[in-house]
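I have placed the structure first, in the form of structure tokens, so that the comments after it can refer back to it.
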Amino acid sequence: MAHGKDLRTAAVQELLDQVLARTVVGTGAHAGALFLLEAGGEVLVLDASLAMPTGFVSLLRRIRVTTVAEGPVPEAIRQRRLVWIGSGEEFARRYPRLALTFPFVGAVAAAPLLAGPRVWGVLLVLFSQRSPAADAGARERLTTAARCMALLLQDATEAGHRVQPGLAARLLPPAPAHPSVPASPQGAADFVAALPEGACRADVRGRIRFVDRTGADLLCESIPHLLGARLWEAVPWLAPAPYRLRYQAALASQLPTSYTVKRPRDGRELLLQLYPDRTGVSLRISAPAGTARSPDELAVGSGQVPGPVGLDAHYHMMQLSGGLAAAASADEVVELVADHLLVALDAQAFAFLVAEAGRVRVVGQHGFSQELVSLVDHAPLASDLPLPGLTTGAPPWGLAQGVPSFIADRDELRAIYPESASLDDGLGAWAWLPLMASGQYFGVCVVGYRQARSFTLQERATLTAIGALISQALDRARQYDATHQLAEGLQAGLLPRTLPTMHGLDVAARYLPAGHGMEVGGDFYDLIRLSDTEAAAVIGDVQGHGVGAAGLMGEVRTAVHAYAVAGASSGEVLARTNHLFDALDPGLLASCLYAHIDPVHHVAQVATAGHCPPLLRHPDLHTAIVAAPPGPLLGVDPTAEYPTVDVPLLPGTLLALYTDGLVETPGTDFEAALTELAEVLAKATGPLDDIAETLLAHAQPSGDRADDTALLLLRAC
């Protein structure tokens with residue numbers, strides 16, 4: 001029975017494979033794949049593929065659809081409809097991160113396998129960059145094929161023969177790209193032998209199916225060693241990633257490409273020309289007498305797609321993609337693009353132009369002259385400056401619709417935009433990439449090249465994908481910058497603008513917001529003049545961040561100020577503030593330390609509500625942690641009392657008050673960190689401002705702050 005069940009399951013798989021193969025051929029696609037949902041409906045597994053490059057197969061093996069994964073396959077599942085991407089550039093705009101990994105794709109279609117309310121998987125087809133435009137008939141054929149597959153899977157499951165994806169995706173043999181032509185084997189052999197170049201044929205997996213004597217000799221290997229092996233395994237010096245990626249690029253784009261390599265044995269240059277079809281790649285191998293042209297030179301003007309320019313460019317592209325996802329400010333975006341984009345694209349300049357309040361603003365640039373930047377920056381949008389997409393009226397070149405524009409030389413630029421004749425930026429080719437956010441056009445990223453250049457299909461797709469990533473990062477970073485400035489402004493408004501000057505007392509203060517996040521913090525400090533000879537020093541930390549914490553911080557600071565001026569002692573100030581805190585019922589807690597400073601009598605009366613203990617540096621530089629009797633946090637117990645302790649303040653004594661941001665970092669012991677901070681304070685010299693900077697630098701040597709930090713230093717003199 002089990003054996004019969006396996007046979008029936010295999011029969012269903014064979015039918016599915018036939019539908020996949022016929023769909024690829026019938027729609028004019030060059031490759032296809034079948035994904036099946038695992039039990040639970042959270043993960044799509046690649047079950048079978050046809051004419052897909054092996055590198056793509058390994059990357060697409062498992063796709064989680066419960067999260068917002070990027071790509072047409074999970075989107076087809078989530079939307080339960082056919083997802084159709086009409087071109088490589090549209091693919092790059094919609095899925096920029098995916099397009100950086102697959103920059104050679106043309107049109108893409110993904111159809112969910114729907115049978116009633118249930119989704120069984122996804123049928124994916126890839127069109128090469130030279131495929132004819134797919135029509136409505138291709139869409140109908142794809143939808144029908146997906147429906148047939150779903151019904152096959154449903155019927156098999158109901159009959160107890162559910163099809164499960166195997167441990168590895170099945171690679172289906174593609175149909176021949178060309179009908180066989182009867183020919184004399186000896187005649188074909190004589191024809192190949194007479195050619196001056198070597199000939200080699202490999203399938204979609206890179207396995208060599210044919211190689212002639214000249215080709216084997218040029219590769220310095222024997223024919224038996226080459227046959228049946230993958231090209232890059234049989235010839236180790238063709239194994240570096242850029243060469244393997246070129247092979248996959250040719251298969252994915254279905255466009256011929258070429259590259260030169262140096263043979264390790266004698267340093268001789270070989271030219272490898274790749275001609276792909278649905279069943280594999282034909283290679284011509286030659287050793288030109290002169291210097292072979294580079295792959296990019298071969299591709300210019302021919303419609304060919306050059307492969308990746310090397311691991312260095314690939315590294316910079318991946319660094320840029322990852323960095324843009326984490327960038328928290330516009331300056332970070334500019335720095336990332338300057339460090340990685342120009343290198344990866346072999347470009348010389350870029351600029352971000354955005355529209356703000358009816359004017360053009362240059363938010364970042366590299367490679368343009370300062371005169372040109374000054375001319376463009378803050379120019380009115382209604383001016384006649386050559387700013388494609390940023391002038392009033394309909395932006396040219398389709399930028400307003402989110403379509404990039406690629407200008408090969410200055411003559412083409414002048415023909416499309418005559419006003420550019422008045423502006424010389426020293427460049428010969430440009431890519432104008434629209435900056436979009438939530439479907440709204442807000443600016444342009446200009447990438448400039450020193451020499452005229454014909455943009456290949458791969459370059460256009462890559463630039464389009466990068467433009468989409470930059471748009472997302474720059475929009476997010478600009479929002480962060482605006483919100484962060486607002487938060488810092490609010491924080492600054494709640495803290496004292498200046499500290500009063502007191503006879504016999506030298507004072508310095510610092511406040512640093514958290515290094516991550518945009519919310520205002522709850523740390524505060526204050527120095528209150530009580531009389532000509534007395535003052536009150538206050539420092540505190542309201543739990544949490546945000547406007548609520550900041551507002552409560554302002555109320556606490558105001559209450560402490562009022563009770564201090566009214567003449568209450570240190571303990572009474574905290575007790576009354578705690579009672580008010582309870583009446584406010586904010587749902588938050590706060591720590592606070594209050595010190596009544598009397599420089600004339602050389603004493604400070606200290607009370608604490610669960611706050612960090614102050615540090616006391618004596619005139620001989622010996623530094624100790626003040627053992628102030630602890631009281632509960634504000635908001636814990638409305639009847640709490642706060643005991644006090646007198647701290648001697650002889651001339652030259654320094655009292656350091658601070659919040660926990662100065663000593664608490666994840667993974668460190670508080671007591672050890674506090675002892676270490678006391679040691680740093682004991683050795684710090686110079687004016688109080690220098691000592692404050694020394695303490696901050698010790699606490700956050702990298703400048704990265706997990707929490708906001710307040711610091712108040714008082715030195716008796």
Side-chain angles (χ1 to χ4, degrees), residues 1-27 29 31-83 98 102 108-126 141-175 203-205:
M1 180 65 70
H3 180 64
K5 179 178 179 180
D6 291 341
L7 289 176
R8 294 178 184 179
T9 302
V12 174
Q13 285 183 323
E14 185 176 349
L15 287 173
L16 293 171
D17 295 347
Q18 291 177 10
V19 174
L20 173 60
R22 291 175 181 175
T23 303
V24 170
V25 175
T27 57
L34 171 63
F35 295 84
L36 298 181
L37 270 175
E38 282 187 344
E42 296 183 352
V43 177
L44 277 164
V45 181
L46 180 60
D47 178 60
S49 69
L50 184 148
M52 294 272 285
T54 53
F56 288 19
V57 170
S58 61
L59 290 173
L60 296 175
R61 174 60 178 162
R62 294 175 64 84
I63 302 174
R64 181 170 292 276
V65 297
T66 52
T67 57
V68 186
E70 182 184 77
V73 173
E75 185 175 334
I77 288 285
R78 291 195 298 268
Q79 297 189 8
R80 300 174 65 86
R81 65 172 180 81
L82 173 67
V83 175
L98 196 60
F102 305 113
V108 178
L113 310 185
L114 288 170
R118 183 166 180 177
V119 181
W120 294 89
V122 172
L123 173 60
L124 173 73
V125 294
L126 304 179
R141 181 185 289 269
L142 182 61
T143 303
T144 301
R147 172 70 173 168
C148 289
M149 286 180 161
L151 291 174
L152 280 171
L153 292 166
Q154 179 176 273
D155 291 345
T157 300
E158 291 176 353
H161 310 303
R162 179 173 179 174
V163 177
Q164 299 278 13
L167 296 177
R170 291 175 294 111
L171 302 177
L172 308 183
D203 62 18
V204 293
R205 307 181 211 182

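Here the side chain of Arg61 pairs a donor or acceptor atom with the backbone of Leu46 at under 3.5 angstrom. A distance-only check finds no donor-acceptor pair linking the side chain of Arg81 to the backbone of Ala111 [under 3.5 Å].
Counting heavy atoms from C-beta outward, Leu44 and Val122 have side chains that approach closer than 4.5 Å. Within the 4.5 Å cutoff, no side-chain heavy atoms of Val43 are placed close to those of Leu37. Between Thr143 and Leu82 there is a side-chain heavy-atom pair separated by less than 4.5 Å. Residues Thr23 and Leu123 have side chains in contact (heavy-atom distance under 4.5 Å, counting atoms from C-beta outward). Side-chain atoms of Leu34 and Leu113, non-hydrogen and from C-beta on, do get closer than 4.5 Å to each other. With contacts defined as side-chain heavy-atom distances shorter than 4.5 Å, the pair Asp155/His161 does not qualify. At least one side-chain heavy atom of Phe35 sits less than 4.5 Å from a side-chain heavy atom of Val73. Within the 4.5 Å cutoff, no side-chain heavy atoms of Leu15 are placed close to those of Val19.
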Trace of the side-chain contact (heavy atoms from CB on, under 4.5 Å) decision for Glu75 with Val65: CA-CA 8 Å; Glu75 185 175 334; Val65 297; over 6 Å; no

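Rounded to the nearest 0.5 angstrom, Thr27 OG1 and Arg22 CZ are separated by 14.0 Å. With rounding to the nearest 0.5 Å, the separation of CD1 in Ile63 from CD in Glu42 is 15.0 Å. Interatomic distance, Glu38 CD to Arg64 CZ, rounded to the nearest 0.5 Å: 8.5 Å. Going from atom CG of Leu153 over to atom SG of Cys148 covers 11.5 Å, rounded to the nearest 0.5 Å. Between Gln18 atom CD and Leu172 atom CG the span is 10.5 Å, to the nearest 0.5 Å.
Residues Ala110 and Ala76 come closest through the heavy atom pair O-CB, 3.8 Å. Heavy-atom minimum distance, Ala51 versus Ala31: O-CB, 3.5 Å. Here the closest non-hydrogen pair linking Thr9 and Arg162 is CG2-O, 4.1 Å. Listed here is the closest heavy atom pair of Val119 and Arg80: CG2-NH1, 3.0 Å. Pro72 and Val108 make their closest contact through CG-CG1, 3.8 Å (heavy atoms, listed as atom of the first residue, atom of the second, distance).
Under a cut-off of 6.0 angstrom, the local environment of CZ in Arg118 is crowded, with over 12 non-hydrogen atoms contributed by other residues, nucleotides or ligands. The number of heavy atoms from other shown groups lying within 6.0 Å of CD (Glu14) does not exceed 12.
When each of Leu114, Leu151, Thr157 is tested with Trp120 by the rule side chain to side chain contact (heavy atoms under 4.5 Å, CB included), just one qualifies, namely Thr157.
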